[in-house]
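One structure is given below, encoded as C-alpha cells.
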Amino acid sequence: MALSRVCWARAALWGSAVTPGSIVTRRLQLGRSGLAWGALRLFDLPCRSSKLHLSPKADMKSLISYVVTKTKAINGKYHRFLGRHFPRFYILYTIFMKGLQMFWADAKKARRIKTNMWKHNVKFHQLPYREMEHLRQFRQDVTKCLFLGIISIPPFANYLVFLLMYLFPRQLLIKHFWTPKQQIDFLDIYHALRKQSHSEIISYLESVIPFVSDAGLQWHLTELCNKIQNGTHPAVQDILALRECFRNHPLGINQLQALQLKALSRAMLLTPHLPPPWLRRRLKTHTTVIHQLDRALAKLGIGQLTAQEVKSKPSCPSCCTTWSCFLPTTLGQGAE
C-alpha cells in the first residue's frame, strides 16, 4: 500500500499516470541494460589495456624511423649542396668522414682482440699475424691522435692544428685521412727515406770489420757487405753465421754510436731526433715487435697475404733494412 501511494504521488508530480507494474518493468530493464553495459565494459577492458601497453612502443618505433629518414634526407641534401658549391671542401669533408668511420672500426676491432686476449690469457706474441699487425698499427694511430689532442689543448690552438694537418698530412695524420694520391706518394717517400740510410749503415759495417777479433767472422762480414752492395739478397745462413758479431762489441746495440742509432731509426721509419738512450730503447722495442711479426707471418705463410696487405705496408723493410735492424737485437737473442 505504501509503495502504491508513492507511485501515485510521483505520477501526480510527473503529470502522467504510471502503474506500479510499469515501474517494476522499467527497473528490470535498467538492471538488465546495466548488467549488459557492465559486461561489455568488462570484456573491453583487457583489449583497451593491451592497446595502451603496445601503442607507446609502436609510436616510438615510428618516431625513430621518421627521424632517421629525415636525417638521411637532410644529410643527402647537405652533401649535394657541398658538392655543387664547394667541390674541393667536399672532397676533404668526405675523406674526413670516411676516415672517422674507418678509425672507429679499427678501434672496435682492437677492443675485440684485446678482450679475447684477456679472456683466453693470450699474449701479444701469440696472436695471429693479422691481429698482431692490427694492434701494432692501431697503437701508432692512437699515438698520433693523442699528440694532436695534446697540442690542441691551449686556447685557439685548434685553428693552428688544422693548418698544420693540412700542411703536414704525412707527419700528423694517420693513413685513413690521406687521399688516394697521398697514399701512393707517401709510400714512395718512405721508400726513399729507407734507401738514404742504407749506404750509411753499410759504410759503418765496413768500418768496424777490422775490430772483429775472429778472422772467420771478418771474412763472412766482408762477403755479406759485398753481396748487399752488389744488390744480392743475403741467405739466412750468411746472416746467422755473424750472430756472434752482434752480441757484444763492436756491433752490439748497446755499443752503437749516436750516428748509427739515427741511421737505423731512419731505416725503420722512426724519428731520429731523440737522445741516444731513447733511440736505443725504441729500436729494441721496434725490432722485437718486427721479429714477432716475422714469426707470425712465417706461420701464416707469405703466400696468404693479399695484394692490398702487401701494398699497404709502408714500413715493410727491404733486404738491407731487415738485415741491419734485425741483427742487433733478434740475432743477439737467438734466431729460430
Side-chain angles (χ1 to χ4, degrees), residues 123-130 132-133 136 191 194-257 259-270 279-305 309-310 313 315-336:
K123 304 299 182 182
F124 177 79
H125 66 275
Q126 298 173 335
L127 291 172
Y129 170 77
R130 289 188 173 91
M132 191 184 299
E133 173 61 22
R136 185 192 71 85
H191 182 67
R194 288 196 300 266
K195 288 179 62 178
Q196 291 175 1
S197 61
H198 288 175
S199 59
E200 187 177 353
I201 294 172
I202 299 300
S203 299
Y204 174 74
L205 289 176
E206 289 179 335
S207 65
V208 299
I209 290 177
F211 298 97
V212 178
S213 57
D214 189 273
L217 293 178
Q218 285 185 0
W219 181 83
H220 280 293
L221 186 57
T222 303
E223 288 295 317
L224 190 62
C225 291
N226 293 333
K227 284 184 178 180
I228 294 175
Q229 288 176 338
N230 295 330
T232 304
H233 197 293
V236 177
Q237 293 77 11
D238 298 334
I239 298 177
L240 293 179
L242 296 168
R243 185 184 305 175
E244 293 296 330
C245 295
F246 295 90
R247 286 183 173 174
N248 298 304
H249 183 79
L251 296 177
I253 193 170
N254 293 325
Q255 286 76 35
L256 293 178
Q257 300 178 4
L259 293 177
Q260 285 71 46
L261 293 174
K262 291 182 179 181
L264 289 174
S265 298
R266 286 193 295 269
M268 299 305 297
L269 302 178
L270 300 174
L279 291 177
R280 187 175 286 108
R281 180 179 178 181
R282 290 195 70 187
L283 282 172
K284 287 182 179 180
T285 303
H286 199 70
T287 50
T288 301
V289 172
I290 291 181
H291 181 57
Q292 294 170 349
L293 284 169
D294 184 63
R295 295 174 60 185
L297 182 59
K299 293 180 181 179
L300 176 66
I302 298 178
Q304 299 297 323
L305 292 179
E309 287 176 333
V310 175
K313 304 313 294 174
S315 60
C316 239
S318 60
C319 103
C320 179
T321 306
T322 305
W323 169 71
S324 61
C325 295
F326 271 52
L327 286 178
T329 54
T330 59
L331 290 184
Q333 298 168 357
E336 296 183 3

Inset, instruction - Apply side-chain contact (heavy atoms from CB on, under 4.5 Å) to A235 and list each qualifying residue two or more places apart in sequence or on a separate chain. - result: Q237, D238
Inset, instruction - Give, for atom NE2 of H220 and atom OG1 of T222, the distance between the pair rounded to the nearest 0.5 Å. - result: 10.5 Å
Inset, instruction - State which residues pass side-chain contact (heavy atoms from CB on, under 4.5 Å) with A296; sequence neighbours excluded, sorted by chain then number. - result: Y129, M132
Legend entry - Value rounded to 0.5 Å, distance of CZ in R295 from CD in Q126: 10.0 Å
Inset, instruction - Looking only at non-hydrogen atoms, find the nearest pair between L217 and A241 and report the distance. - result: CD2-O, 3.3 Å
Legend entry - Gap separating the SG atom of C225 from the CG atom of N230, nearest 0.5 angstrom: 11.0 Å
Inset, instruction - Taking side-chain contact (heavy atoms from CB on, under 4.5 Å) as the test, write out the residues that go with K299, two or more places apart. - result: none
Legend entry - With Q218 via side-chain contact (heavy atoms from CB on, under 4.5 Å) - residues at least two apart: I209, V212
Inset, instruction - Could you name each residue pair satisfying side-chain hydrogen bond (donor to acceptor under 3.5 Å, both in side chains) that touches residues 204-213, not counting sequence neighbours? - result: E206-Q229
Inset, instruction - Before giving the answer on side-chain contact (heavy atoms from CB on, under 4.5 Å), spell out for H286 and R136 the whole-Å C-alpha distance, their side-chain angles and the decisive distance to 0.1 Å. - result: CA-CA 10 Å; H286 199 70; R136 185 192 71 85; 4.2 Å; yes
Inset, instruction - Report the residues that fulfil salt bridge (Lys or Arg N to Asp or Glu O under 4.0 Å) with K195, sequence neighbours left out, ordered by chain and then residue number. - result: none
Legend entry - Side chain proximity check, P128 to L300, heavy atoms < 4.5 angstrom: no
Legend entry - SB check K262 E200 (cutoff 4.0 Å): no
Legend entry - L221 versus L242, closest heavy-atom pair with distance: N-CD2, 3.6 Å
Legend entry - For the student: nearest non-hydrogen atoms of Q304 and R130, plus distance: O-NH2, 3.0 Å
Legend entry - Atom pair CD/CZ of Q260 and R280 - distance to nearest 0.5 Å: 10.5 Å
Inset, instruction - Please check if the side chain of D214 supplies one atom and the backbone of G216 the other of a donor-acceptor pair under 3.5 Å. - result: yes
Legend entry - Pairwise distance CG(L293) to CD(E133) - rounded to 0.5 angstrom: 5.5 Å
Inset, instruction - Indicate yes or no for a side-chain donor-acceptor contact from T287 to the backbone of K284 under 3.5 Å, with no hydrogens or angles considered. - result: yes
Inset, instruction - Using modelled atom types only, decide if a donor and an acceptor are shared between the side chain of R266 and the backbone of Q196 within a distance under 3.5 Å. - result: no
Inset, instruction - Could you tell me whether F211 atom CZ has more than 12 heavy atoms of other residues or ligands within 6.0 Å of it? - result: no
Inset, instruction - Start with the C-alpha gap between T232 and I228, add the side-chain angles, then the distance that decides, and say whether side-chain contact (heavy atoms from CB on, under 4.5 Å) holds. - result: CA-CA 5 Å; T232 304; I228 294 175; over 6 Å; no
Inset, instruction - Working to the nearest 0.5 Å, report the span between CG of L279 and CG of L264. - result: 10.0 Å
Legend entry - Heavy-atom pair of closest approach, residues R282 and L270: NH2-CD2, 3.5 Å
Legend entry - Main-chain N/O of I290 paired to D294 side chain as donor or acceptor, under 3.5 Å: no
Legend entry - Closest non-hydrogen atom pair, L251 against C245: CB-O, 3.3 Å
